[in-house]
Amino acid sequence: QKASRQAVAAGATIIKKAAIANVVRSPSIDTGSLKGAIISKKLPASQTTLTAEYIVTVRGRGKPANAKGKKIDRAPHANLVEFGTVNMPAEPFMRPAFDREKAAAARAIADKLRQRIDKVRAAR
């Protein structure tokens, strides 16, 4: 289970980094809190039937700071940037990241699992 969680997390990280890069590259998007609000998150076991499942998403609403008082980036406007409005054209950053990097994410998952399998074989 640990190996599968690590492998799926590696794939999600690739998509997350690509989405952040899309935000930074876009000249018309104010990166501000949007860049820091893009996260990958493990779904709890109660919400999935899979061994491990991660999502790449954007923090929207919620507390502006954690328990230690550190600011947490939030971007409740992310959906407006991604899909556009009647007054603003869409500037997708999440979907293109997924479309461009899904093969690399699958390779990262397979590589991580292969490493763990090789480690177990070497220990025998």
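In this chain, numbering begins with 1 at the start of the sequence shown.
- For the pair Leu80 and Thr85, the tightest heavy-atom approach, listed with the atom from each and the gap, is CD2-CG2, 3.8 Å.
- When all heavy atoms of Met94 and Val56 are compared, the pair lying nearest together is CE-O, 3.3 Å.
- At least one side-chain heavy atom of Gln6 sits under 4.5 Å from a side-chain heavy atom of Arg116.
- There is no path of hydrophobic side-chain contacts, each under 4.5 Å, that joins Ile15 to Ile109.
- Contact annotation: the side chain of His77 approaches that of Ser33 to within less than 4.5 Å [non-hydrogen atoms, C-beta and beyond].
- Counting only heavy atoms from C-beta outward, the side chains of Arg59 and Ile39 approach each other to under 4.5 Å.
- Here the CD1-NZ distance, from Ile55 to Lys41, works out to 6.0 Å after rounding to the nearest 0.5 Å.
- Under a hydrophobic clustering in which Ile, Leu, Val, Met, Phe, Trp and Tyr are joined whenever their side-chain heavy atoms come within less than 4.5 Å, directly or via other members, Phe98 and Val24 fall into the same cluster.
- Taking each heavy atom of Ile14 and Ala104 in turn, the nearest pair found is CD1-O, 3.7 Å.
- Among all heavy-atom pairs drawn from Arg74 and Gly60, the shortest one is CB-O, 3.1 Å.
- Between Ala18 and Glu101, the shortest heavy-atom contact is CB-CG, 3.5 Å.
- The two atoms that bring Phe93 and Ala78 nearest to each other are CE2-O, 3.9 Å, heavy atoms only.
- Within 6.0 Å of NZ on Lys42 lie more than 12 heavy atoms contributed by other residues, nucleotides or ligands.
- Cluster annotation: Val81 and Ile20 are assigned to the same hydrophobic cluster (Ile/Leu/Val/Met/Phe/Trp/Tyr, side-chain heavy-atom contacts under 4.5 Å, transitive).
- Applying the side-chain hydrogen bond (donor to acceptor under 3.5 Å, both in side chains) definition to pairs two or more places apart or across chains, those involving residues 103-112 are Asp111-Arg114.
- Under a 4.5 Å side-chain heavy-atom cut-off, the cluster of Ile, Leu, Val, Met, Phe, Trp and Tyr residues that includes Leu50 has no other member.
- Inspection of the Gln1 and Thr51 side chains reveals no N or O donor paired with an N or O acceptor under 3.5 Å.
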